[in-house]
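The next block holds one structure in the form of structure tokens; read it before the comments.
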2 protein chains.
Amino acid sequence: MKISELSTASGVAVPTIKYYLREGLLPAGERSSANQASYGEGHLQRLRLIRALLDTGGLPVATAREVLAAIDNPDLPLTWIFGVAQRAISDAGLYAPIAEPTSGLAKVDAFLEHSGWHVSPENPGRFGAARVIDSYEASGHPELAEIWDDYAAGSELIAQADLAMVGRNAEVESMSETVVVGTVLGDAMLSSLRRMAQEHFSSLLFPDPSERSAS
Amino acid sequence: MKISELSTASGVAVPTIKYYLREGLLPAGERSSANQASYGEGHLQRLRLIRALLDTGGLPVATAREVLAAIDNPDLPLTWIFGVAQRAISDAGLYAPIAEPTSGLAKVDAFLEHSGWHVSPENPGRFGAARVIDSYEASGHPELAEIWDDYAAGSELIAQADLAMVGRNAEVESMSETVVVGTVLGDAMLSSLRRMAQEHFSSLLFPDPSERSAS
DNA sequence: TCGCTATGGACAGTTTCGCTATCCGATAGT
DNA sequence: ACTATCGGATAGCGAAACTGTCCATAGCGA
């Protein structure tokens, strides 16, 4: 397969593929001569994975490169892959370490204490959650932090499902890829499900006769 | 308060405040003369809300403008505010309507059918979830769709908490603001909680003696 | 009152990101 | 032999979110 065929097969424009090659997201094809390279099924698969991470997962290109490098590294244990995937989606400033203690950080740590969750201090989620709580307070809506326990209960279910997936077929070769895709796309899935569930319960709480009264 | 004082009080640079004024995120100050305007406590509060939506919620400026306009409109019923907030965080292409049926869309609809969730066809979450499932499949990891039920159960808990918050104090004046902040920042909160819960259950499943063995 | 500084407003410039377009010299295929 | 592609390198583009520069004017201390 040459680059133009890879392009039509994947739906990704040729210059874009060249860009991904340059950026190291996609490994180079097998060079058959000075100006000819051939790409295989693996390249097509990789390209689809790239688009999933970028389009659906919303990762920046630079981050996708790191994640893909982690997938390609066979020496990384699976538990590390989880961490790599986490750090990847936590690239943004939201999850960056917080230097000095804030009110939100204290609340997060208090929760970790009483819930018994075993979380290291540098977990990006710890900083992200702290920042969200601080934002609740800064924007004048501290009461939003009250629903923390229900959020945590939901997250627990979800994370257990995530881990169960790993535990079930930890031997599978492509497991690290599954972990990455699951972690990266999982956030998008959750947001989508929350939107739907919100509408569902909203329609129960506030039945609106003017809209979709009969199903 | 003049603009420079508003700047130091909020930590937002003066040119940035001017930018927000231009973009209509922040209402103009009260003009006292041709080159003097004074800003009040409300402006400071609004600025903090803006930063929460942009920085923590990750909204683009244009979207934040729409959300803020919805908050400012006293005629919108609370149930609509929910929809506005949802559409706001669903601005990206991920949640855009899908024209022709896809495998993912069929799976989402099948779930809605058997779960009894009452969700309108144009709910952005429906398209987002469908796209994620399609990405699972395209990237070669369709097994990830298996955890759907647990994800849905978690989302249900979370959405119920969201709605309970509204039901509890629906009379409060700033409720629409609370709904928006809660919906927009809720996604960030959830992602953070998921990161922490993942680490917690990961450490249970794969105890790693080399790392934080003693708490 | 004088003069310095700050102000509000308009507008142009900057940076980053993710592509996209243009060249170029070297084949591959006919 | 000749022309259409190919790969590779480099430059350019457009959106987004600021940031910097100007300028006429106004506040305010000396």
Side-chain angles (χ1 to χ4, degrees), chain A residues 1-40 43 47 49-68 88-89 91-94 96 184, chain B residues 1-40 43 47 49-68 88-89 91-94 96 184:
Chain A
M1 207 171 5
K2 41 181 122 171
I3 200 170
S4 61
E5 296 169 307
L6 183 60
S7 169
T8 53
S10 65
V12 178
V14 172
T16 305
I17 295 178
K18 289 183 175 182
Y19 171 64
Y20 293 157
L21 286 167
R22 244 179 298 141
E23 293 298 315
L25 303 197
L26 192 64
E30 197 183 342
R31 294 293 299 277
S32 58
S33 74
N35 71 342
Q36 218 73 38
S38 80
Y39 303 88
H43 287 91
L47 208 37
L49 173 61
I50 292 171
R51 298 315 304 219
L53 295 178
L54 298 186
D55 294 349
T56 310
L59 291 194
V61 169
T63 304
R65 175 176 46 230
E66 292 168 29
V67 177
L68 291 167
I89 36 182
D91 211 32
L94 179 63
V184 172
Chain B
M1 201 165 18
K2 40 182 126 172
I3 200 170
S4 61
E5 296 169 307
L6 183 61
S7 171
T8 53
S10 65
V12 178
V14 172
T16 305
I17 295 177
K18 288 182 175 183
Y19 170 63
Y20 292 157
L21 286 167
R22 244 178 297 142
E23 293 297 315
L25 304 196
L26 192 63
E30 196 182 342
R31 293 293 299 277
S32 58
S33 74
N35 71 343
Q36 219 73 39
S38 80
Y39 303 88
H43 287 89
L47 207 39
L49 173 61
I50 292 170
R51 297 315 303 220
L53 294 178
L54 298 186
D55 295 348
T56 310
L59 292 195
V61 168
T63 305
R65 177 177 44 233
E66 292 168 30
V67 177
L68 291 167
I89 35 182
D91 211 32
L94 180 61
V184 172

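Predicted model only: the values in this text are computed from it and were never measured.
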Inset, instruction - For B:Leu26 and C:dG9, give me the distance from atom CG to atom C1', rounded to whole Å. - result: 15 Å

Inset, instruction - Give the nucleotide from the list D:dT19, C:dC19, C:dA6 with an atom nearest to the side chain of B:Ala13. - result: D:dT19

Legend entry - Greater than 12 external heavy atoms within 6.0 Å of B:Glu5's CD: yes

Legend entry - A:Glu23 CD - D:dG8 C1' separation (whole Å): 14 Å

Inset, instruction - Scan A:Leu21 against the nucleic acid and name what it touches under 4.0 Å (heavy atoms): base, sugar-phosphate only, or nothing. - result: nothing

Legend entry - Considering all heavy atoms, the nearest B:Ala37-B:Gly29 contact: CB-C, 4.3 Å

Inset, instruction - Look at the side chain of B:Lys18 and decide which nucleotide, out of D:dG7, C:dG9, C:dC19, has an atom nearest to it. - result: C:dG9

Inset, instruction - Mind calculating the distance between OH (B:Tyr19) and P (C:dA10) to the nearest angstrom? - result: 16 Å

Legend entry - Gap separating the OG1 atom of A:Thr16 from the CG atom of A:Leu25, nearest 0.5 angstrom: 11.5 Å

Legend entry - Whether B:Arg31 side chain and B:Ala34 backbone form a donor-acceptor pair below 3.5 Å: yes

Inset, instruction - Return no unless some side-chain N or O of B:Arg22 is found under 4.0 Å from OP1 or OP2 of C:dG8. - result: no

Legend entry - B:Ile17 CD1 - C:dA6 C1' separation (whole Å): 15 Å

Legend entry - Validation row: A:Thr56, B:Leu94 side chains within 4.5 angstrom (heavy atoms): yes

Inset, instruction - Rounded off to whole Å, could you give me the CD-to-C1' distance for the B:Glu5 and C:dT5 pair? - result: 15 Å

Legend entry - Non-hydrogen side-chain atoms of A:Tyr19 and A:Val61 separated by less than 4.5 Å: yes

Inset, instruction - Report yes if some heavy atom in the side chain of A:Leu68 is under 4.5 Å from a heavy atom in the side chain of A:Tyr20; otherwise report no. - result: no

Inset, instruction - Answer yes or no: is there a donor N or O on one side and an acceptor on the other, between the side chain of B:Ser7 and the main chain of B:Val12, under 3.5 Å? - result: yes

Inset, instruction - Whole angstrom is fine here: how far is it from CD in B:Gln36 over to P in D:dA24? - result: 18 Å

Inset, instruction - Measure from the side-chain heavy atoms of A:Ile3 and tell me the nearest of D:dG7, C:dG8, D:dA17. - result: D:dG7

Legend entry - Among D:dC6, D:dC18, C:dG8, the one nearest A:Asn35 by side-chain distance: D:dC6

Inset, instruction - Would you indicate which nucleotide in C:dA6, C:dG8, D:dG20 comes nearest to any side-chain atom of B:Arg31? - result: C:dG8

Legend entry - 5' priority, DNA chain D, between B:Ala34 and B:Arg51 [closest heavy atom]: B:Arg51

Legend entry - Terminal axes of the helix from C:dT1-D:dA30 to C:dT30-D:dA1 (five pairs each): angle between them, nearest 10 degrees: 10°

Inset, instruction - Give a yes/no answer on whether the side chain of A:Thr16 brings an N or O atom under 4.0 Å of OP1 or OP2 in C:dG18. - result: no

Inset, instruction - Nearest-nucleotide wise, let me know which of A:Tyr20 and A:Ser33 is further upstream toward the 5' end of DNA chain C. - result: A:Tyr20

Inset, instruction - Take the protein atom CG of A:Asp55 and the nucleotide atom C1' of C:dC17, then report the distance between them rounded to whole Å. - result: 14 Å

Inset, instruction - Mind checking B:Lys2 for me? I need base, sugar-phosphate or nothing, with any heavy atom below 4.0 Å counting as a touch. - result: sugar-phosphate

